[in-house]
Amino acid sequence: MLIDLLTHATAQAQQSGKLPPVTLPPVTIERPQNPEHGDYASSLPLKLARSAGINPLEIARELVSLIPPAAEIKSIVAAPPGFINFTLTDDWLAQQLESILKAEEAFGNIDLGHGSRVQVEFVSSNPTGPLHVAYGRAAVLGSTLSNVLAAAGFDVQREYYFNDAGNQMDIFGRSLYARYRQCLGDADAEVLSDGYHGHYMVDLAQAIINEQGERFLAIPESEAALQVGKLGAERLMAQIKGELDLLRIEFDGWFTEQSLYDNGQFDKVMEILRKGGHLVEKEGATWFTATALGEDKDEVVVRSNGVPTYLATDIAYHYNKFLEREFDRVIDIWGADHQGHVAGLRAAVGVLGVDLERLVLIVHQLVTVHRGDEVVRISTRSGDIIMLSDVIDEVGVDACRYFFLSRSANSQMDFDLELAKKEAPDNPVYYVQYAHARIASILRVAKERGITYADGDVSLLTSEPELTLIRKLLLLPEMVEVVVQTLEPHHLTYYAQDLATTFHSFYKLCRVISDDQALSKARLKLVEATKIVLARTLHLMGMTAPDRM
RNA sequence: GUCCCUGUAGCUCAGCAGGAUAGAGCGGCUGCCUUCUAAGCAGCGGGUCGCAGGUUCGAAUCCUGCCAGGGACGCCA
């Protein structure tokens, strides 16, 4: 609306000759950081000053005089060096509480997606071991982003991709079979150096023995390794699902690599690449000629032993996402250790005829785990693993989620196990939740005293702490929009913190239930609206909003 | 050597489709509980935004170079 007003005023100024007929830069509105500068601001005059050859402050004054008064706007002022600042009326702000109360937890929903179908694929750890701590980051990032996209009107599908075929599973199967034989007393059985050495493999082997007995000793080794590996992978998939459950991470789909072979899509994709002239045979292997598309290097898709690489199935997987299931947009969340595969995959997906605007790869930097001063090297294969589920047990789900969410995906993250345990009680999430619990407490007291406030008059809310709080509440839909546009859900944690601070400050300054009945009712409305917004924000982040702490 | 990410307060990090005095949490120091939860509030102290150039009316934000840290450059994923 403000943009329209400004655009209109500028056009008028040009018509009347007050402003030369220069081409307009895009008219933008910002939210000033300093509240004294109003609710919204535009720097349009500064941008016009040069081409118009007029002092920006003069342009600002001219435009201000041309903008007609509107009911929602208290003031429009030109400010040096050439800003136009808009301030909303107190009454309009207060009235917005009614719409929050009416919308309840739907407040914050916006319609940016128009129901378009977007898939978010994340975690996708191989079923060769339990989830270690670092996967918590991708899990929380993906689930929060999905929640926000859903709030913004997208039809979201959350998916986990299991690499349950290929090379690594082969090694996994052989490692597990070796443990199986060891458990049954075969001292000669050995886990190969490139195999999986973790202690959980012994437990896994024992579980399979308990269920299946010794029968795999009777069949040929390679076949036995295959079958034992399959059983082990199934158990681990179930375990991984359980661990994700603990962190309250939900998926709509579990996609297996194997299915790409079973339904022929893998072969189909290879055929497309071959027909397009993107494959060559070299040194006994099949290569995808990414260099012909401007990339740095070619990539092997089928090894000389006939086994496809990870990239090959990933191309087929994306064929499935775009051409078979026809998602409008696909967001993959990868760790920085996969950064090198981005270019190759994008090139291949482009070859499939997919507009690359539709494919977004979010690459988050890695999490390094410390125990005090010591860096814990994490490797599923070597078996040095800190299980996500253990950390959740010790630190708590909400604190865990908040911690993983609170940093931008682009920043490296240190997870100190000692510190996490020690500081769990100081986690900012409790500060936010405490604000929610405090409100719940106020509402309980109101109820006990039989105070009803449906008829409260919000226009009585005119003091600075009240209006500041209302302004914060109204920011939620904008936050949702920001997260959708940037795909950076960490902004939510900062918003939550900011909102809680504003509430706590209000709480100190303004007694809600007092002798002034009318004001009490109005404030109860404000406080309930705050509770709604806090709860919504916490829920978007996958956290709980407790009524008591 | 090439590519990606990062360098902002003592520590951990926001801010970076350029904008008006650079923010928060933690830690340090002061105050504040007769009344709705002190897991709270108010205040103080703390910064050449890695360094050097450049673009611009305006740069923490954009460009180039350098320095430092992390990651990737496998017929592993």
Side-chain angles (χ1 to χ4, degrees), chain A residues 26 28 30 32-34 36-37 41-43 46-47 49-50 55-56 79-83 85 124-126 128 163 166-169 171 194 282-287 295-297 299-311 313-314 334-343 363-366 368 380-381 403 406-414 416 419 423 425-435 437-446 448-449 485-486 488 490-491 493-494 497-498 500-501 503-514 520 523-524 527 548-549:
Chain A
T28 56
E30 304 144 27
Q33 11 180 321
N34 186 337
E36 285 169 25
H37 296 140
S42 177
S43 57
L46 285 164
K47 295 190 164 100
R50 157 163 283 224
N55 181 311
F83 290 98
N85 297 334
S124 298
S125 167
N126 290 355
T128 54
N163 283 98
N167 209 39
Q168 284 306 314
M169 289 313 297
I171 294 168
D194 67 342
K282 200 168 64 185
E283 298 156 23
T286 305
W287 297 70
E295 300 304 332
D296 289 342
K297 55 186 172 61
E299 308 272 1
V300 172
V301 284
V302 182
R303 300 183 181 83
S304 47
N305 65 5
V307 179
T309 61
Y310 160 82
L311 174 66
T313 42
D314 216 20
W334 290 2
D337 50 340
H338 290 239
Q339 172 69 49
H341 292 271
V342 171
V363 177
H364 68 261
Q365 297 306 302
L366 299 179
T368 47
T380 306
R381 266 187 269 180
F403 176 80
S406 60
R407 285 151 176 83
S408 136
N410 284 334
S411 82
Q412 286 158 229
M413 197 160 166
D414 288 326
D416 188 327
L419 212 61
E423 292 193 343
D426 296 331
N427 192 294
V429 70
Y430 299 120
Y431 176 83
V432 178
Q433 290 178 322
Y434 183 61
R438 264 186 157 176
I439 295 171
S441 173
I442 296 170
L443 296 179
R444 271 196 302 274
V445 170
E448 279 163 25
R449 299 188 189 168
Q485 277 167 357
T486 59
E488 292 174 350
H490 70 274
H491 293 297
T493 61
Y494 291 88
Q497 170 91 33
D498 191 25
T501 298
F503 169 74
H504 285 309
S505 178
F506 155 85
Y507 177 89
K508 192 72 181 177
L509 295 167
C510 303
R511 172 134 196 120
V512 177
I513 300 170
S514 66
S520 295
R523 285 184 173 168
L524 281 164
V527 141
R548 292 174 198 276
M549 285 175 75

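Treat the numbers as computed from the prediction; the structure is a model and nothing was measured. Proteins get letters first, then strands, A, B, ... in listed order; numbering begins at 1 in each.
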(request) Taking atom C1' in both B/rG47 and B/rU8, compute the distance separating them and give it to the nearest angstrom. (result) 8 Å

(message) Suppose you measure atom P in B/rA60 against the same atom in B/rG54; what distance do you get, rounded to whole Å?
(response) 15 Å

(message) Determine whether the aromatic ring of A/His37 stacks with the base of B/rA20, defined as ring centroids separated by less than 5.5 Å and ring planes inclined by less than 30°.
(response) yes

(message) With a 4.5 Å cut-off on side-chain heavy atoms, are A/Arg438 and A/Tyr507 touching?
(response) yes

(request) Enter the distance from A/His491:NE2 to A/Gln485:CD here, rounded to the nearest 0.5 Å. (result) 10.5 Å

(message) In whole Å, measure the gap between the P atoms of B/rG10 and B/rC66 for me.
(response) 29 Å

(request) Between A/Ile439 and A/Ser505, name the one whose nearest nucleotide on RNA chain B is closer to the 5' end. (result) A/Ile439

(message) Base, sugar-phosphate or nothing for A/Ala343? Non-hydrogen atoms, less than 4.0 Å.
(response) nothing

(request) To the nearest 0.5 Å, tell me how far A/Asn167 CG sits from A/Asn305 CG. (result) 7.0 Å

(request) Might you point out which heavy atoms bring A/Leu443 and A/Val527 nearest each other, and give the distance in Å? (result) CD2-CG1, 4.0 Å

(message) Is A/His504 close enough to B/rA39 that one of its side-chain N or O atoms is under 4.0 Å from OP1 or OP2 there?
(response) no

(request) Supply the atom-to-atom distance A/Arg523 CZ to A/Ser514 OG, rounded to the nearest 0.5 angstrom. (result) 6.5 Å

(message) Measuring only the P atom in each nucleotide, how far is B/rU61 from B/rA52? A whole number of Å is fine.
(response) 13 Å

(message) Once you apply a heavy-atom cut-off of 4.0 Å, does A/Pro425 come out as touching a base, just sugar-phosphate, or nothing?
(response) nothing

(message) For a quick test of reading the model: is some side-chain N or O of A/Ser408 closer than 4.0 Å to OP1 or OP2 of B/rA14?
(response) yes

(message) Distance check, rounded to the nearest 0.5 Å: A/Ile439 atom CD1 versus A/Phe503 atom CZ?
(response) 4.0 Å

(message) For the P atoms, the ones on B/rC75 and on B/rC63, what distance do you get once it is rounded to whole angstrom?
(response) 33 Å

(request) May I have the distance from A/Asn410 (atom CG) to B/rU8 (atom C1'), rounded to whole angstrom? (result) 16 Å

(request) Could you grab the distance from atom CG of A/Asn163 to atom CG of A/Asp314, nearest 0.5 Å is fine? (result) 7.5 Å

(request) Let me know the distance between CH2 of A/Trp334 and P of B/rC5, rounded to the nearest Å. (result) 15 Å

(request) Report yes or no: do A/Ser43 and A/Glu30 form a side-chain donor-acceptor pair below 3.5 Å? (result) yes

(message) By the 4.0 Å heavy-atom rule, please label A/Gln433 as base, sugar-phosphate, or nothing.
(response) nothing

(request) With RNA chain B as reference, determine whether A/Phe403 or A/Glu36 sits nearer its 5' end, using the nearest nucleotide of each. (result) A/Phe403

(request) Check every atom of B/rA20, B/rC13, B/rA39 against the side chain of A/Met549 and return the nucleotide holding the closest atom. (result) B/rA39

(request) Quick one, give me the B/S/- string for nucleotides 29-36 of chain B, reading 5' to 3', where B means a protein heavy atom under 4.0 Å from the base and S means that only happens at the primed atoms, P, OP1 or OP2. (result) ------SB

(message) I need the CD-P distance between A/Glu30 and B/rA17, as an integer number of Å.
(response) 12 Å

(request) Quote, to the nearest angstrom, the C1' distance that separates B/rG45 from B/rG18. (result) 31 Å

(message) Nearest whole Å is fine: how far is B/rA38 P from A/Tyr431 OH?
(response) 13 Å

(request) Specify the glycosidic conformation (syn or anti) of B/rC33, with syn defined as within 90° of 0. (result) syn

(message) In whole Å, I'd like the distance from the NE2 atom of A/His491 to the P atom of B/rC16.
(response) 7 Å

(request) Indicate, with a heavy-atom threshold strictly under 4.0 Å, whether A/Ser43 touches base, sugar-phosphate, or nothing. (result) base

(request) Examine distances only and state if a side-chain atom of A/Ser42 and a backbone atom of A/Thr28 form a donor-acceptor pair shorter than 3.5 Å. (result) yes

(message) If we ignore hydrogens and angles and just use 3.5 Å, is the side chain of A/His364 paired with the main-chain N or O of A/Trp334 as donor and acceptor?
(response) yes

(request) Quick one: pull up CG in A/Leu366 and CE in A/Met413 and give me the separation to the nearest 0.5 Å. (result) 11.5 Å

(message) What's A/Asp314 touching, base or sugar-phosphate or nothing? Going by heavy atoms closer than 4.0 Å.
(response) nothing

(message) Measuring only the C1' atom in each nucleotide, how far is B/rU48 from B/rC5? A whole number of Å is fine.
(response) 25 Å

(message) So A/Pro428 and A/Thr493, do their side chains get closer than 4.5 Å, heavy atoms only?
(response) no

(message) Could you tell me how far apart A/Lys47 (NZ) and B/rA59 (C1') are, to the nearest whole angstrom?
(response) 14 Å

(request) Produce a footprint string for nucleotides 71-77 of chain B: one letter per nucleotide, 5' end first; B if the base is under 4.0 Å from any protein heavy atom, S if only the sugar-phosphate is, - if neither. (result) SSS-BBB

(request) For A/Asp414 and B/rG7, give me the distance from atom CG to atom P, rounded to whole Å. (result) 14 Å

(request) Using modelled atom types only, decide if a donor and an acceptor are shared between the side chain of A/Tyr431 and the backbone of A/Asp426 within a distance under 3.5 Å. (result) no

(message) Taking only the P atom of each, what is the distance from B/rG7 to B/rC16 in whole angstrom?
(response) 12 Å

(message) Tell me the interatomic distance from A/Asp426, atom CG, to B/rA39, atom P, rounded to whole angstroms.
(response) 12 Å

(request) Can you tell me which stems RNA chain B forms, taking runs of 3 or more consecutive Watson-Crick or G-U pairs with both distances under 3.5 Å? (result) B:1-7 with B:67-73, B:10-13 with B:23-26, B:28-32 with B:40-44, B:50-54 with B:62-66

(message) Could you check B/rA17 for me: syn (within 90° of 0) or anti?
(response) syn

(message) Looking at A/Gln412 and B/rG69, is any side-chain donor or acceptor paired with a base atom of the opposite kind under 3.5 Å?
(response) yes

(message) Tell me whether A/Ser505 contacts the main-chain N or O of A/Thr501 through its side chain, where contact means a donor paired with an acceptor under 3.5 Å.
(response) no

